[in-house]
Student: 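One structure, as structure tokens, below. Some questions next.
This one's a predicted model, so the numbers in the text were calculated from it and none came from an experiment. Residue numbers begin at 1 in each chain, while the letters A, B, ... track the order of the sequences.
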Amino acid sequence: MSLENKDSAAPAPIAPSDFIRDIVAAHVAENKYPRIHTRFPPEPNGYLHIGHAKSICLNFGIAHEFGGICNLRMDDTNPAKEDIEYVESIQADVNWLIGGWAEDQLGLKPKGLAPEVIAGEGKRDFYLPAVTKSEIENRQAETFEPFYASSYFDQIYDYAEELIEKGKAFVCDLTPDQTDEYRRNGLESPFRNRTVEENLDLFQRMKKGEFTDGIRTLRAKIDASAPNIWLRDPLLYRIKHVEHHQTGSQWCIYPMYDFAHCLSDYIEGITHSICTLEFEVHRPLYDWILESLNLPRTLPHQYEFARLSLGYTVMSKRKLMQLVEEKLVTGWDDPRMPTICGIRRRGVTAVALRAFAYNIGITKYNGITDVSVLEHAIREDLNKRSLRRLAVLRPIKVVITNVPEGKVEELDAVNNPEDETAGKRKIPFSRELFIERDDFQEVPPPKFFRLKPGGEVRLKYAYIIKCDEVIKDASGNLTELRCTADLDSKTGGATSARKVKGTIHWVSATHAVDAEVRLYDRLFTVPEPDADGDFKQHLNPHSLEVITAKLEPSLKDATFEARYQFERLAYFALDKDSGSKLIFNRTITLKDAWAKEAQKS
RNA sequence: UGUCCGAUGGUGUAAUGGUAGCACAGAGCUCUUUGGAGGCUUUAGUCAUGGUUCGAAUCCAUGUCGGACAACCA
């Protein structure tokens, strides 16, 4: 038993199974591809949130389970909305989430490298293979970066010309409103039948910058009256005289998502292009573009799954942006935000977030996942790893009258009952203590097992005490409790086996250290904040309470990496704002059976 | 309205023609120097109607309900 270490004691993780993994497994069984290759392709126009975490875990999970690679790719085809700030945060968040798990599956590219042209059977081909961590270690002279759709702008432009030459694309002069109306009504654009030469000339002049924004577009020539609107001659390129965070002022035309995405997948050699349900109707276009070009390598395929909806939170980038910009939270990494950086700052570990992603599964059904599933994954992880500490959030003073002034005892305390290897520490005990205000009631309700006048309670790791006297100030406020300790009741003592119903936490008043403690709660008060349009009216006014707490002295040495359980209260993590002053964030409360019991009566 | 997709306890998911299972939530018991954790027990489900079949959550038909999309966004 004692030989068990943490790893062997943990149950072997069960490999998840879902309809996408079933497809991949079948492909592996029939050797359809030399290697499974997925990708995670966020647009750098906002911070990653827990919904992205689901996607990251799926894509990296598949690569991890099937011996493949997952590229990180910035889907940066709309410079008007994107920013380098987001590029950087996305990289940090992905690295954190896959850290210690699927780092070896992360596909990157040498900085600045563009797709190479591979000639074969008279066909040109653009290919940009990924480099993984193990290969990077042998190439230390180079630096590596994520993939960017923008680094394929040259190739995507070439493919557009090829489409024009094949008579499968045309330059259209309709205004945005007209285009919209024509497409809605299934009508062909009057510019649909321009000659290849004219189309080529116009497209090249679009690239040169001869036209202003919105004047012309490049459109695919498919079927203006197709039942699927995405096949009604969709836009491929638009004019945007906007600086791009990666390509600067090199381009004034930018490819649309549908055109850039399938080609980016192809260029990177992606086999399984996994996205959310709203792209399901785009799949015929995805396939049409790839099949219309003369592409020599195996084509990628798109698969769709349901995005995550979580109770008591909003997930859309627009709404999260609103919370940040209107200063309803302190920033993207506010611990109340469902962003990956917010969740991380709150104290949740990557292990817990991954466990959550595994537990919720992958389907095509749009449901709302109960937050309790997330909370359970967090508690389960934190219970195993947290160092137990004694801390009093809302103190009341207790004087142990039969302990002499100035006497200090060092008591043994277990760091983590779930993990013997975490060891023990000493905590000081003295005549004056703080206990939690909630742990004393002058007129206790039924089944209240804590301290009450004339009643006894165990001080965790210390003595059984009895409350003799309740001291109040002139206006009747409780100021102090005077108690006597059973000095034989400490661990190993003659009366240590005495049963008392309650055990409470405490800190020695003279030794306690002060800390700012941020008590976070759900950001919204209702399960579906955006159900009726105005999500902001459901903001929880008590989502943050800041208090000064009394901590046991060992917490002076708290680290950012460690997780703490303030016993009987909640899990906490040191906040990044901590400096000379300690600041703890409450990640999540312990389950509180008493709160439930108290509510009954 | 059109196209596409979906429907299994309160919630999320398994069962791929052969015993409807798991997790969360709920209830109860037990244990406990954390009213935590753990252990045990338990409540509760195949959208509807037909059909195929020895046998249907699964296959077929029709219907109902729900969702996504219909940006020079992704």
Student: Represent RNA chain B in dot-bracket notation, 5' to 3'. Only Watson-Crick or G-U wobble pairs with both distances under 3.5 Å count; pseudoknot-style crossings use [ ] and interstrand partners use |.
Tutor: (((((((..((((....[..)))).(((((.......)))))....(((((..]....))))))))))))....

Student: So, A/Phe449 and B/G35: ring centres less than 5.5 Å apart, planes less than 30° off, yes or no?
Tutor: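 So A/Phe449 counts as stacking on the base.
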
Student: Looking across every strand, which nucleic acid part, if any, lies under 4.0 Å from A/Arg283 by heavy atom: base, sugar-phosphate, or nothing?
Tutor: nothing

Student: How about A/Tyr86 and A/Tyr47: are their ring centres within less than 6.0 Å of each other?
Tutor: yes

Student: Using a 4.0 Å cut-off on heavy atoms, which residues in residues 486-496 of chain A reach RNA chain B? List them by number, or say none.
Tutor: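 By residue number: A/Ser489, A/Lys490, A/Thr491.
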
Student: Is A/Ile360 touching bases, backbone alone, or none of the nucleic acid, heavy atoms closer than 4.0 Å?
Tutor: sugar-phosphate

Student: Ring centroid separation for A/Phe449 and A/Trp594, is it under 6.0 angstrom?
Tutor: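 No, the ring centres sit 6.0 Å or more apart.
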
Student: How far, in whole Å, is B/A44 from B/G38 if one measures between their C1' atoms?
Tutor: 25 Å

Student: Taking only residues two or more places apart in sequence or in another chain, which ones pass ring-ring contact (aromatic ring centres under 6.0 Å, His included) with A/His261?
Tutor: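 A/His261 satisfies ring-ring contact (aromatic ring centres under 6.0 Å, His included) with A/Tyr257 only.
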
Student: Could you give the distance separating B/C54 and B/G12 at their C1' atoms, to the nearest angstrom?
Tutor: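 To the nearest whole Å, 35 Å.
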
Student: NA contact type, A/Ile464, heavy-atom cut-off 4.0 Å: base, sugar-phosphate, or nothing?
Tutor: nothing

Student: Mind checking A/Glu418 for me? I need base, sugar-phosphate or nothing, with any heavy atom below 4.0 Å counting as a touch.
Tutor: base

Student: Strictly below 4.0 Å: does A/Arg568 bring a side-chain N or O up to OP1 or OP2 of B/G35?
Tutor: yes

Student: Using the P atom in both, what is the distance from B/U16 to B/A25, to the nearest Å?
Tutor: 28 Å

Student: Calculate, to the nearest 0.5 Å, the distance between atoms CD1 and NE2 belonging to A/Ile90 and A/His52 respectively.
Tutor: 7.5 Å

Student: For the pair A/Arg216 and A/Asp173, find out whether any cationic side-chain nitrogen is under 4.0 Å from an anionic carboxylate oxygen.
Tutor: yes

Student: Base, backbone or nothing for each nucleotide of nucleotides 16-28 of chain B, written B, S, -, heavy atoms under 4.0 angstrom, 5' to 3'?
Tutor: B-------SSSSS

Student: Please tabulate, one pair per line, each protein N/O and nucleotide N/O from nucleotides 72-74 of chain B that are separated by under 3.5 Å, including the distance.
Tutor:
from	atom 1	to	atom 2	distance (Å)
B/C72	N3	A/Gly214	O	3.4
B/C72	N4	A/Leu174	O	3.0
B/C72	N4	A/Pro176	N	3.1
B/C72	N4	A/Gly214	O	2.8
B/C73	OP2	A/Arg238	NE	2.9
B/C73	OP2	A/Arg238	NH2	2.7
B/C73	OP2	A/Lys240	NZ	3.4
B/C73	O3'	A/Arg238	NH2	3.1
B/C73	O2'	A/Asn78	ND2	3.0
B/A74	OP1	A/Thr77	OG1	2.7
B/A74	OP1	A/Arg238	NH1	3.4
B/A74	OP1	A/Arg238	NH2	2.8
B/A74	OP2	A/Tyr257	N	3.0
B/A74	O4'	A/Glu43	OE1	3.4
B/A74	O3'	A/Asp75	OD2	2.7
B/A74	N6	A/His282	NE2	3.4

Student: More 5' along RNA chain B: A/Asn228 or A/Ile504, using each one's nearest nucleotide?
Tutor: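 Taking each residue's closest nucleotide, the earlier one in sequence belongs to A/Asn228.
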
Student: Distance check, C1' atoms only: B/G17 and B/U58, in whole angstrom units.
Tutor: 7 Å

Student: When we call it a touch if two heavy atoms are under 4.0 Å apart, what does A/Ile362 touch: a base, just sugar-phosphate, or nothing?
Tutor: sugar-phosphate

Student: Which residues in residues 409-417 of chain A have at least one heavy atom lying under 4.0 Å from any atom of RNA chain B?
Tutor: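 When residues 409-417 of chain A is checked for heavy atoms under 4.0 Å from RNA chain B, the hits, listed by number, are A/Pro417.
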
Student: Any idea how A/Phe572 and A/Phe566 line up, ring-wise: parallel (<30°), tilted (30 to 60°), or perpendicular (>60°)?
Tutor: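 Plane angle under 30°, so parallel.
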
